[in-house]
Amino acid sequence: MRYLKLAQAYDEIESTSGTLDKIQIYSDMLKEAQSKDVDKIVALTMGKLHPDWKNEPEIGLAEKMAVQVIAAAASVPENTVLDILRETGDIGSTGESLLREGAQATLFAEELTVSKVFSTLDEIAQISGSGSNKTKISKLAGLLTDADPIEARYILRTVTGSLRLGLGDMGIIDGLSTAFTGNRDVRSDIEAAFNVCSDLGRVACVLAENGIDAVRAIHTEVGIPIRMMAAKKLSDAEEIMEKIGKKAFVEFKYDGERVQAHKNGADVTLYSRRQEVITHQYPDVVQLILKNVKAATCVLEGECVAIDPETGKMKPFQELMRRRRKTDIKSMQEEVPVALFVFDILYLNGEDVTSRPMLERRKLMEDTIEVNDRVSLTIGELTEAPERLYEIFEDAINTGYEGVIAKAIHE
DNA sequence: TGTGTCTGCCCC
DNA sequence: ATTCTGC
DNA sequence: GCAGAATGGGCAGACACA
C-alpha cells in the first residue's frame with residue numbers, strides 16, 4: 001500500500017472528532033491494505049516499529065534533530081524551521097509547509113510505500129556510533145525528499161512520537177475488528193490476544209491472514225510479556241468498597257519499579273511496566289527468582305524496591321533509579337540493594353492462572369515462593385469494612401508506603 | 001578526555 | 001506518574 | 001466515565017565537539 005493512503009487516513013482521522021467515525025476511517029483504510037502490510041500499518045499507528053520487549057533500538061531522533069532533517073530536506077536554514085515550529089508548535093506541520101513551498105524536490109520522487117517508510121525508519125533506528133546523528137538526519141531527509149507534504153507531516157510525527165490522531169490502542173483494535181469481521185463484536189477477543197502477546201501488529205497480521213479464530217488461539221507464553229493491568233486512583237474508602245464489591249484485598253503500595261518476571265527453567269527475564277527488558281539491571285533479582293521460585297515455568301508480578309540491607313527499610317524511588325544503567329551493574333548492585341515484593345501470579349507450570357480468584361492466586365504464590373528478606377509477598381489484608389480500609393491506608397502512609405491498592409477478590 | 005546537548009513509546 | 005479535555 | 005493527549009522531575013546513555 002502507498003504510504004499516502006495511510007497519511008490521508010491519518011489526516012481524516014485527525015480532523016474528525018467522533019470516535020466511531022475515526023474507527024470507520026481507519027477500518028476502511030485497513031480493508032484496502034494487503035495483509036502483509038497490516039502489521040506495519042498497526043505498528044506505525046501505535047507510534048513504534050517493534051514491541052518494546054523485542055529489545056530493538058529506538059529511532060533515536062526527536063524534535064531537535066527533526067529540525068535539522070526538515071532544513072536539509074527543504075533546503076532552508078534551520079532558523080526558518082525554528083520560526084515556523086514556534087508558530088505552529090508542531091514538527092509535522094512545520095515540515096509539511098516547508099516542503100510544500102520547496103516543491104521542486106518532489107518532481108522525480110519515488111512513490112513511498114508503507115513498507116518503504118517502515119524499513120527506512122527501521123534502518124535509521126539501527127544506526128549507531130560516531131557520526132550516527134548526521135547519518136540518521138540525512139537518511140530521514142532523503143525519505144522526506146520523496147514524500148508528499150502530507151506524508152512528511154506524518155513521517156515526522158511518527159518518528160518524534162506525536163501522531164496525536166485521537167486514536168489509541170482501543171481505537172486501533174476497534175478498527176481491526178470492523179475491517180476484518182464487519183463489526184466491533186470481536187474487539188474483546190482482539191484485546192485479549194493483545195494482552196497476552198503484547199504485539200498488536202502480530203495480532204493484526206494473524207487476523208488479516210488467518211481470521212478471528214486464529215486470534216482467539218493466541219495464548220500466554222513464558223518469555224512474552226503480558227500487558228499489565230492499570231489501577232485506578234480513588235480517594236474515598238466508601239467509594240472504593242462500593243466499586244470493588246463486598247470484600248476487597250487491600251495491599252500496601254510500594255515505592256519502586258513494577259516488574260514482571262518470567263521464569264522458564266534456568267532462564268529468567270524481567271520486564272518493566274512498559275515491557276522493556278530490564279533483566280540486565282537486576283542480576284540479583286534474577287538469582288532470587290531462580291533460587292526461591294519453586295516452579296519450572298512461572299510469571300510473577302511484583303514491585304522492585306531499593307532497601308537498606310542493615311535495617312530492611314525501604315528507600316525512595318530515586319535511589320532505585322540509579323540501578324537503571326548498563327555499566328557498573330556489579331557495584332550498583334552492592335550500592336543499591338533491592339528487594340522484590342510479589343503481588344500477583346499470572347502463569348504457573350504451563351497454565352494461565354489469571355482467571356483464578358485473587359485469594360487462590362495468593363495461595364499459589366505462597367506455595368511457589370520461598371520467602372526471605374529479599375523476596376516476599378506484598379503485605380495485604382482481606383476486608384469489607386470501609387473503616388478498616390481507611391485504617392490500613394493510614395497504617396501504610398505512616399510506615400512509609402505510598403498508599404494502598406484494593407483488589408476485588410472475585411470469589 | 002571532559003563537557004554539553006539531546007534523547008528516552010524512560011521510570012514514577 | 002498526574003492532569004486535562006472532548007466525547 | 002472513559003480514552004487519549006499533554007505534562008513534570010530526575011537520571012543515565014549516547015553522541016558532538018572542543
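Quantities reported herein were computed from a predicted structural model and do not represent experimental measurements. In what follows, chains carry the letters A, B, and so on, assigned in the order in which the sequence lines appear, proteins first and then strands, with residues in each chain numbered from 1.
A residue-by-residue look at Lys243(A) and Met332(A) shows that Lys243(A) has its nearest nucleotide of DNA chain D further toward the 5' end.
Contacts between residues 116-136 of chain A and DNA chain D, defined by a heavy-atom separation below 4.0 Å, involve Ser128(A), Gly129(A), Ser130(A), Gly131(A), Ser132(A), Asn133(A), Lys134(A), listed by number. Less than 4.0 Å separates DNA chain B from at least one heavy atom of each of the following residues of residues 41-52 of chain A: Lys48(A), Asp52(A). Taken residue by residue, residues 59-66 of chain A places heavy atoms nearer than 4.0 Å to DNA chain B at Gly60(A), Leu61(A), Ala62(A), Glu63(A), Lys64(A), Met65(A). Near DNA chain D, meaning a heavy atom under 4.0 Å away, the residues from residues 313-325 of chain A are Met321(A), Arg322(A), Arg324(A), Arg325(A). Taking a 4.0 Å limit (strictly below) on heavy-atom distances, residues 396-406 of chain A does not reach DNA chain D anywhere.
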**Asked** Where does DNA chain B pair, written as one dot-bracket string 5' to 3', with Watson-Crick or G-U pairs under 3.5 Å, ( ) inside the strand, [ ] for crossing pairs and | for another strand?
**Response** ||||||||.|||
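Only the P atoms considered, dC6(B) is 32 Å distant from dG6(C), to the nearest whole Å. Across dT7(B) and dT5(C), the matching C1' atoms stand 28 Å from one another, rounded to whole Å. Nucleotides dC9(B) and dA1(C) have their C1' atoms positioned 15 Å apart, rounded to a whole Å.
Taking both residues in full, the closest heavy atoms of Lys36(A) and Asp39(A) are given as O-OD1, 3.2 Å, listed atom of the first, atom of the second, then distance. Nearest heavy-atom pair across Met241(A) and Ala385(A) is CE-N, 4.3 Å. When all heavy atoms are compared, the tightest approach of Leu6(A) to Met29(A) is CD1-CE, 3.7 Å. Taking every heavy atom of both residues into account, Ile244(A) and Ala406(A) meet most closely at CD1-O, 3.3 Å. Taking both residues in full, the closest heavy atoms of Ala214(A) and Asn210(A) are given as CB-CB, 3.5 Å, listed atom of the first, atom of the second, then distance. Heavy atoms only, all atoms of each residue included: Glu96(A) and Arg100(A) are closest at OE2-NH2, 2.8 Å.
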**Message:** Test salt bridge (Lys or Arg N to Asp or Glu O under 4.0 Å) on Asp284(A) and Arg323(A); report intermediate values, then the result.
**Reply:** CA-CA 11 Å; Asp284(A) 38 359; Arg323(A) 285 290 287 266; 2.7 Å; yes
**Asked** Are Arg2(A) and Ser115(A) close enough, and set up right, to give a side chain to side chain donor-acceptor pair (under 3.5 Å), and what steps lead you there?
**Response** CA-CA 8 Å; Arg2(A) 285 195 65 177; Ser115(A) 193; over 6 Å; no
**Request:** Please lay out, stage by stage, how Asp174(A) and Thr19(A) fare under the test side-chain contact (heavy atoms from CB on, under 4.5 Å).
**Result:** CA-CA 10 Å; Asp174(A) 281 347; Thr19(A) 308; 5.9 Å; no
**Val203(A)/Asp199(A) under side-chain contact (heavy atoms from CB on, under 4.5 Å): CA gap, chis, key distance, verdict** = CA-CA 7 Å; Val203(A) 175; Asp199(A) 185 350; 5.9 Å; no
**Message:** Set out, in order, the CA-CA distance, both residues' side-chain angles and the distance that settles side chain to side chain donor-acceptor pair (under 3.5 Å) for Glu12(A) and Tyr26(A), then state yes or no.
**Reply:** CA-CA 9 Å; Glu12(A) 277 188 69; Tyr26(A) 196 67; over 6 Å; no
**Message:** side chain to side chain donor-acceptor pair (under 3.5 Å) for Glu63(A) and Thr160(A)? Distances and angles first, verdict last.
**Reply:** CA-CA 6 Å; Glu63(A) 193 167 284; Thr160(A) 55; over 6 Å; no
**Request:** Tell me, with the steps shown, if Leu176(A) and Leu200(A) meet side-chain contact (heavy atoms from CB on, under 4.5 Å).
**Result:** CA-CA 10 Å; Leu176(A) 286 166; Leu200(A) 193 51; 4.1 Å; yes
**Message:** Working note: Thr88(A) + Asp90(A), criterion side chain to side chain donor-acceptor pair (under 3.5 Å); need CA distance, chi angles, decisive distance, verdict.
**Reply:** CA-CA 5 Å; Thr88(A) 62; Asp90(A) 168 42; 5.7 Å; no
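Heavy atoms of Gly161(A) sit nowhere under 4.0 angstrom from any nucleic acid atom.
Inspection of the Gln260(A) and His262(A) side chains reveals an N or O donor paired with an N or O acceptor under 3.5 Å. In this model, no donor atom of one side chain and acceptor atom of the other lie less than 3.5 Å apart for Tyr3(A) and Gln8(A).
Going from atom CG of Leu234(A) over to atom NZ of Lys243(A) covers 6.0 Å, rounded to the nearest 0.5 Å.
dC9(B) takes the syn form, because its glycosidic angle lies no more than 90° either side of 0.
Evaluated for a side chain to side chain contact (heavy atoms under 4.5 Å, CB included) with Thr279(A), the options Leu270(A), Asn55(A), Val259(A) yield exactly one hit, Leu270(A). For the salt bridge (charged side-chain N to carboxylate O under 4.0 Å, His left out) criterion with Glu14(A), the lone passing option out of Arg157(A), Arg164(A), Lys22(A) is Arg157(A).
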**Complete:** Protein-proximity profile, nucleotides 1-7 of chain C, B/S/- by nucleotide at the 4.0 Å heavy-atom cutoff, equals SS----S
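By the side chain to side chain donor-acceptor pair (under 3.5 Å) test, Asp83(A) pairs with Arg86(A), sequence neighbours left out.
Across all strands shown, dT5(C) forms a Watson-Crick or G-U wobble pair with dA3(D), both key distances being under 3.5 Å.
Chain A approaches DNA chain B within less than 4.0 angstrom (heavy atoms of the protein), and the contacting nucleotides run 5' to 3' from dC6(B) to dC12(B). A nucleotide of DNA chain D counts as in contact with chain A when one of its atoms lies under 4.0 Å from a heavy atom; the first and last such, 5' to 3', are dC2(D) to dC17(D).
The ring-ring contact (aromatic ring centres under 6.0 Å, His included) analysis of residues 153-185 of chain A, with sequence neighbours excluded, yields the pairs Tyr10(A)-Tyr154(A). Annotation: side chain to side chain donor-acceptor pair (under 3.5 Å) contacts involving residues 263-272 of chain A, sequence neighbours excluded, are absent.
For the pair Lys136(A) (side chain) and Ile59(A) (backbone), a donor-acceptor distance under 3.5 Å is present. The main-chain N or O of Glu394(A) is found under 3.5 Å from a side-chain atom of Asn398(A) such that the two form a donor-acceptor pair.
Salt bridge status for Arg258(A) with Glu303(A): absent, with no side-chain N to carboxylate O gap under 4.0 Å. Comment: Asp52(A) does not engage Arg274(A) in a salt bridge, judged by the lack of any side-chain N to carboxylate O separation of less than 4.0 angstrom.
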